[in-house]
Amino acid sequence: MDAELLHHPAIWLILGGIVMGFLRGAPRVLLSLSLPLVAAWLLWQIPEGIYGGVPFLDYLLDVLQVDRLGRLFALVFMLALFVGSVYAMGQRSRLEVPAAFVYGGAAVGAVLAGDWITLFLFWELMAIGSTLVIWAGGREAYPAAMRYLMVHLFGGVVFMAGITAHLVGGGSLSIEPLALEGVAHWLILAGVLINAGAFPFWSWIPDAYPRASWSGMVFLSAFTTKTAVYVLMRSFPGAEVLIPIGLLMAGYGLIYALIENTARRVLAYAIVNQVGFMIAGIGIGTEMALNGVAAHAFAHIVYKALLLMAIGAVIVQTGKRDCTDLGGLARQMPVTTGFAIFGALAMSAPLTAGFITKSLVLQAAADAHLTWVWLAMMVIAAGVFLAAGLKVVVFVFFGESRDLDAEEAPPSQRWGMRLLALTSLAVGCYPPLLYDLLPYPIDYQPYTGSHVVFQLQLLLATTVVFFLLRGHLVKMLGSLIDIDWFYRTLGPRWVKVMVYGVSIEIREVVLVLMRGIANLLGSLRRHYGTRGVLARTWPSGSMVMWVALLLMMYLALFYLS
Amino acid sequence: MLTQHFPALLVVVPLMAAPLIVFARRSLASWLIALLATAITFGIAASLLAQTLSEGTLVYAMGSWEAPLGIEYRIDAAGAFVAVIVAAMGLIVMPYSRVGIAAEVRSEEHYLYYALMMLCLAGLLGILVTGDAFNVFVFLEVSSLATYVLIAMGRDRRALVAAYQYLLMGTIGATLYVVGVGLLYLETGTLNLADMATRLVDVGDSRGVLAALAFITVGISLKIALFPLHLWLPNAYAYAPSPVSAFLAATATKVSIYVLMRYFFTIFGATEVFDARATGAILLGLSLAAMFIPAVVAIFQHDMKRLLAYSSVSQIGYITLGISLDSVEGLMASAMHLFNHALTKGGLFLVLGGVVLRCGGAGFDRLAGLGHTMPVAAFAMVVGGLSLIGVPGTAGFISKWYLVSAAMHEGQWWLVGAVLASSLLAVIYVWRFVEVAYFRAPPADHPAPGEAPLSMQLPALAMIAACVYFGIDATWSSEVSMRVAEVLMYNPGVGQ
Amino acid sequence: MRQNALFSPGKRLWHTLLAALLLMLVAGLFVESHPHFGIDAVPGFNAWFPMLACAVLVVLARGLGRIFGPREDEDGR
């Protein structure tokens with residue numbers, strides 16, 4: 001076993017998180033602020049290379065692999081943990097921040113994993129850690145936490161099946177690009193895509209994340225989907241199937257974000273949208289595209305966390321979550337409003353991180369002469385600025401005041417936002433800060449006259465459209481039925497919506513089907529319930545009957561075969 | 001040398017401890033004797049395992065009468081491995097029992113409890129060590145009779161009914177087994193298992209042999225509680241005193257599984273029962289049913305003990321699934337899960353025993369808010385539950401991994417799916433406990449909250465800790481399981 | 001559902017916005033650009049294309065909202 005493993009930042013983050021669970025007050029805050037810095041320092045000390053030699057399950061695991069890509073993601077995750085801890089200083093839950101460290105630590109472990117098994121182990125730990133973070137959101141969050149856990153354990157199971165098949169079939173233990181041939185690789189891809197929030201497993205993001213506490217969602221937005229993006233970059237760069245998958249996610253995220261009323265759900269849909277954008281970028285697969293995806297993962301974590309922090313501050317002050325209940329907060333919370341506006345601009349305006357990263361991916365699509373992909377990405381860039389940026393900021397902070405009782409966000413929250421804004425600004429003004437960390441050498445000048453002018457055209461035009469169509473946007477605020485409806489409430493209402501306007505006969509058929517399903521569920525309960533046939537304390541006679549039956553079956557099969 | 005008598009002493013020590021305890025009669029004295037006897041037994045079992053791993057099969061002629069005239073004790077790595085599990089569980093349950101039975105068994109019956117535990121232990125170990133088919137039956141009955149009485153000691157009146165049902169079913173199982181052995185004796189003219197294996201090759205698969213296989217399989221399946229012959233198990237586990245539930249859950253069914261493996265691979269191994277007949281296919285079907293149906297039933301339970309009992313039936317399905325694959329990898333996964341599940345379920349029942357002591361029952365209404373009233377116990381239950389699901393970092397994950405790999409070696413993709421889908425059912429029933437323990441308020445009439453006494457808590461936590469340890473460092477368990485599988489598969493008692 | 005009070009941009013904001021857009025459109029004619037596809041060589045592409053796209057998106061979302069929404073369960077919160 002290599003000595004460097006003692007400096008593995010993920011292990012220190014996870015252990016620190018567990019210790020934090022037993023602390024409260026100032027010691028907890030102190031530990032949560034120092035730990036990410038210590039972890040980043042540890043990571044910086046380890047030279048690039050592979051460290052391992054840990055025996056597990058007939059394999060020698062390369063637990064720690066430091067290279068440019070892994071290090072970039074790990075550093076971003078540590079930044080998210082640090083800023084999140086600053087923001088969450090006032091969090092009263094004793095569970096949330098410690099759980100977030102286990103979760104974030106596991107994410108760091110996953111992006112620094114040198115082999116599939118280590119990756120999978122951290123992957124599962126992430127599922128548990130993130131469930132606890134959601135769980136800390138309070139009583140209304142419990143059912144969503146359970147649904148979230150089930151989706152991720154299911155994803156984990158698919159992922160594990162893929163990995164075992166890959167290894168049993170003689171595949172290499174280390175994480176290398178896969179050819180997408182055979183069941184094993186498809187299973188791995190499916191397992192990762194479930195965590196990324198791809199169709200048809202995307203509704204867990206808007207379902208579970210917005211139920212976390214005001215600070216919980218800041219942590220949640222950073223790790224799970226980006227880890228999935230990282231694994232896709234490692235194992236399926238240039239897999240063309242990722243382009244339609246990603247664009248579908250992006251389109252779904254856009255439409256739903258446009259309609260959604262709950263502010264943080266809008267941002268959750270925007271996460272799906274941007275992760276889709278990144279996945280499409282991985283599908284392009286050139287060095288430029290991969291650089292762009294890695295960079296954009298960083299920029300996205302920063303601006304999305306900034307927006308979530310601003311909304312989180314509003315939730316703390318007002319207790320309201322919906323656009324229709326909010327409005328006019330700019331007067332009471334001017335600083336928070338300022339950061340929210342900056343967060344919206346940081347998606348793509350010049351001088352912010354989003355500008356120098358998004359253009360990389362777009363450039364890659366242009367270089368590869370993928371006309372339709374490039375056009376779709378233009379739509380995504382404009383649409384997300386309208387749906388998640390302008391809409392959230394204007395509806396929450398401007399407009400008629402609702403006489404809400406609100407004060408400016410406390411200093412800890414303001415510092416969290418300030419740090420993120422400064423990060424975005426610093427990277428936006430001096431791109432080499434980020435470009436030098438990217439996996440491949442890069443020769444791209446973001447600040448040319450045409451880049452800046454065209455981007456400003458796009459932003460200004462989108463803003464004009466937003467103000468022109470704001471009436472429509474307000475009228476359609478609500479929630480849409482999503483995929484999760486199918487597995488959550490196959491209720492009569494759904495049926496009514498689906499057969500609305502269809503002839504009476506079809507409606508009758510559907511009703512009969514519904515009754516059949518209800519009967520089936522009832523009989524399931526009759527058989528499996530506490531008083532069910534299969535659970536009742538059977539009279540000994542029927543047990544003996546089973547013995548006799550089984551014996552007969554064996555004898556018959558033996559003699560007949 | 002004393003060591004050469006170890007195979008006999010493994011049975012003799014607990015067997016002799018039983019009458020001693022009856023003579024001693026006093027609760028404390030009988031506990032001390034039992035504790036000493038189990039400690040010695042565990043030492044012997046451990047040294048036997050070390051010996052068999054390094055030297056191969058050990059043969060011991062009872063009273064120096066050589067086989068086939070006399071009864072022969074014959075122990076190899078497979079038997080010794082299960083013996084270590086059984087003896088270790090005995091050793092863990094004994095210190096636990098002192099307080100553990102105080103609330104559940106009348107004090108004038110304490111000595112009986114210890115004496116019966118010793119008899120049960122002797123019986124189970126006897127099955128593992130003997131090389132004689134009829135002797136297996138004798139020890140099976142010794143352990144079963146002791147078990148019936150132990151279950152009946154539960155303070156719930158339903159314990160009597162449960163014990164009675166188990167008695168009926170157990171007797172039928174044993175009878176079927178003995179009929180099978182009789183048929184084999186007719187065909188081969190020997191009761192010595194090693195001899196039998198050699199001679200069966202010449203006899204081939206005559207009707208008598210096939211009938212014997214059917215009778216023995218069904219008889220042992222009853223003892224294993226293989227679905228759908230599991231019906232005695234939930235009640236027996238639910239109403240027995242807590243230490244008894246824990247001991248039985250970790251040992252009794254496991255020993256029977258060992259017997260089944262022995263017969264399938266060592267005795268009938270050379271006659272190609274799996275290839276020519278439907279044995280494997282039937283076992284596969286029953287295993288799949290076991291993995292799913294009892295798991296769904298477990299989800300609907302309102303009592304933690306019954307939930308765990310149904311989960312046991314479901315987990316037994318994984319073990320028999322490995323057997324039905326008829327490959328070294330499958331057998332290895334079975335042996336692995338046999339060990340890991342003994343750890344997990346033993347640990348869970350031990351923790352639950354402490355909870356029952358404090359809360360006065362294992363019903364979900366009693367367990368509500370456990371996360372606040374008994375945080376350590378509730379957390380230990382959750383860790384054990386994670387191992388039932390097979391979350392990485394717990395012993396259950398190791399078993400799941402090897403089982404999935406074994407299924408893939410055979411190219412059985414759909415079995416991989418079945419194993420993983422069944423583990424998702426485990427998530428649901430484990431979540432039910434989490435929901436009760438953490439999301440519900442404790443009942444208003446909750447008795448004095450607080451953790452279980454240390455003498456119960458320490459053994460329970462030790463088991464749960466072992467669950468995690470063997471989930472992280474599975475070197476030892478995987479190496480031994482591999483040896484066990486190889487011994488069972490390639491060493492069918494012939495040509496010793 | 002309660003209607004959100006509309007935020008109406010004042011005359012000054014409108015004028016600034018439109019003036020800025022116009023300025024950028026003019027500037028776009030003078031900067032050196034590298035069109036890749038042809039369509040992006042059309043003057044002001046980066047202004048009219050997003051405008052069009054956003055309008056289509058809103059109409060699309062409105063239509064979908066009529067068919068599938070509103071969803072009235074605990075998720076509305």
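Predicted, not measured: the structure shown is a model, and the values here were computed from it. Each chain gets a letter, A, B and so on, in the order its sequence line appears, and its residues count up from 1.
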>> Take a 6.0 Å sphere around CH2 of A/W372 and say whether it holds more than 12 heavy atoms from other residues, nucleotides or ligands.
In response: no
> Under a 4.5 Å heavy-atom cut-off, does chain A meet the side chain of C/L18, its backbone, both or neither?
Replying inline: side chain
> Do A/L375 and C/F49 have side chains that get closer than 4.5 Å, going by heavy atoms?
Replying inline: yes
> Which bit of C/W14 is near chain A, if near means a heavy-atom gap under 4.5 Å: side chain, backbone, both or neither?
Replying inline: side chain
> Side chain, backbone, both or neither: which part of A/I380 has a heavy atom under 4.5 Å from chain C?
Replying inline: neither
>> Show the nearest heavy-atom pair for residues A/S450 and C/V31, with the distance to one decimal.
In response: CA-CG2, 3.7 Å
> If you look at every heavy atom in C/P50 and A/T462, which pair is closest and at what distance?
Replying inline: CB-OG1, 4.1 Å
> Which one of A/A366, A/G383, A/A387, A/A382 has the most heavy-atom pairs closer than 4.5 Å to chain C?
Replying inline: A/A366
> Any idea which heavy atoms bring C/A55 and A/V465 closest together, and the distance?
Replying inline: N-CG1, 4.3 Å
>> For A/L458, which atoms come within 4.5 Å of any heavy atom of chain C: side chain, backbone, both, or neither?
In response: both
>> Looking at every non-hydrogen atom in both residues, tell me the closest pair between C/M24 and A/L460 and how far apart they are.
In response: CG-CD1, 3.9 Å
>> Between A/L459, A/T371, A/V379, A/L473, who has the most heavy-atom pairs with chain C when the cutoff is under 4.5 Å?
In response: A/T371
>> Please report the interatomic distance CZ(C/R62) to CD1(A/I255), rounded to the nearest 0.5 Å.
In response: 13.5 Å
